[in-house]
Protein chains: 2
Amino acid sequence: MQKKTSPAPAKRAPRKRPLVTVTEEDRNRRADLVRVSARLFREKGFEGTTVRDIAGAVGMRSGSPFYHFKTKQDILAAVMEEGLVAGLNDTERIVGSDLPPREKFRALVRSHLETVLAEGHDFIPVLLYEWRSLSPDLQARIITLKDKYDARWQQVLADLKQAGLIKSDSKVVRLLMFGAVNYTAQWYKRGKGLSIDQLADQAVEFFLGEAAD
Amino acid sequence: MQKKTSPAPAKRAPRKRPLVTVTEEDRNRRADLVRVSARLFREKGFEGTTVRDIAGAVGMRSGSPFYHFKTKQDILAAVMEEGLVAGLNDTERIVGSDLPPREKFRALVRSHLETVLAEGHDFIPVLLYEWRSLSPDLQARIITLKDKYDARWQQVLADLKQAGLIKSDSKVVRLLMFGAVNYTAQWYKRGKGLSIDQLADQAVEFFLGEAAD
DNA sequence: CCTACCGATCGGTAGG
DNA sequence: CCTACCGATCGGTAGG
């Protein structure tokens, strides 16, 4: 009988249960859970995804995700938060650049489209479509980030207005644009038809008026 | 003491169990189930709504919806189908009218906004947000109607193009518009800010180019 | 992180 | 359409 997974006393302390310490490995496993949860929540919805689905997708047993997260809801919150933090980073980099207004806007649209359409980018779609499944107290934590994201867009719209490229930078216009871009998640198929880049061009052309040069 | 809902033996035969016959009352109860299901599916999602929720909302016991529908999925399909049939009626009435292109488009946007935003109009939002929860065979039945609806929009866009109000009637433009309008379901609050009518005006102005007169 | 488990709930059914 | 029920599954936990 060969010892297979025997906890032989080796040099690297094997798998000691941490009391308060969070190891590097813990963080990696947590990140794995967030990543696969994003994919599953997007594909099947929060309510349609079981903790067993999530555990299975990273090779854990059904109870183990609760070592990393207190509840299933906390996993959802983590998915949304990760998406927003990444999206906010991209957005601020673009807003802070010295591109001319139209190019800045195009970069923003393109960046957002990638956030919604590129492979493995399931965080923001989950935010958009599973918001209702998040309990109010967890929503509150996310809303702060969400507001920042919206404010960046509004800022770029104000620039566009000043440059005379749009007539209005109202909240309504921002929401209409946002809706148009977000809805691509429902119909865009990677590898078929337009590239994300081409789609960004078409969207910008549409938003800024097709007749305008 | 006035008789209120007492099932006194009147002329109309009371509550005989039908074998194959579907009575008028059956149809009413079925319609009740579809209506409350639309509301619940919109509020809590298909997976987040239980058959007991639905039954309770119309004063039935938990097993009784299955007298009217074979499965929970069939209720979802009925909700979507009812929404599409109603929406398609409105749309065809507008497309068939003799309004000038811009006014026809405005009527279409307004009609769709009402379909998405007006009180009790939960059918199309459910179609938009719970599509993934519908099994492929039931989806197939709905897609036919969905294609018709899309075709009507495309037709109006072609008219707009001919009238010189837009440059393109590409599928992409239609989907961007559709996304912008549909997303209003996520942020529009009845009784606060713009009326549905005003929102339709703003949207049309945005879609057709704000700079254009 | 696994094992073993629990109470609650769920969609659906038989029989009337 | 109700009563009574079932098998399956779910989120979560204790203890190691």
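Note that these values count all heavy atoms, side chains included, but never hydrogens, waters or copies made by symmetry.
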Legend entry - Pairs involving residues 71-93 of chain B, ordered by first then second residue, that meet ring pair (Phe, Tyr, Trp, His ring centres under 6.0 Å) (sequence neighbours left out): none
Legend entry - Under 3.5 Å side-chain donor-acceptor pair for A:Thr71 and A:Asp74: yes
Legend entry - Of all pairs that satisfy side chain to side chain donor-acceptor pair (under 3.5 Å), the ones with a partner from residues 81-94 of chain B, not counting sequence neighbours: B:Glu81-B:Arg141, B:Glu92-B:Arg152
Legend entry - side chain to side chain contact (heavy atoms under 4.5 Å, CB included) evaluation trace for B:Val95 with B:Trp153: CA-CA 9 Å; B:Val95 171; B:Trp153 272 78; over 6 Å; no
Legend entry - Under 3.5 Å side-chain donor-acceptor pair for A:Asp147 and A:Thr144: no
Using the 3.5 Å cut-off, write out each protein N or O paired with an N or O of nucleotides 9-15 of chain D and the distance between them.
residue	atom	partner	partner atom	Å
D:dG11	OP1	A:Thr49	O	3.4
D:dG11	OP1	A:Lys72	NZ	2.9
D:dG11	OP2	A:Val51	N	2.9
D:dG11	N7	A:Arg52	NH1	2.9
D:dG11	O6	A:Arg52	NH2	3.1
D:dG12	OP2	A:Lys72	N	2.7

Inset, instruction - Note the angle between the end axes of the helix from C:dC1-D:dG16 to C:dG16-D:dC1, five pairs defining each, rounded to 10 degrees. - result: 10°
Inset, instruction - Figure out the CD1/P separation between B:Ile54 and D:dC1, and round it to whole Å. - result: 14 Å
Legend entry - Salt-bridge contact A:Asp32-A:Arg35 (side-chain N to carboxylate O under 4.0 Å): yes
Inset, instruction - May I ask you to say what A:Gly48 touches in the nucleic acid, namely base, sugar-phosphate or nothing, with a heavy-atom cut-off under 4.0 Å? - result: nothing
Legend entry - Contacts of B:Arg61 that satisfy side chain to side chain donor-acceptor pair (under 3.5 Å) - sequence neighbours left out: none
Inset, instruction - Could you name each residue pair satisfying side chain to side chain donor-acceptor pair (under 3.5 Å) that touches residues 115-126 of chain B, not counting sequence neighbours? - result: B:Arg42-B:Asp122
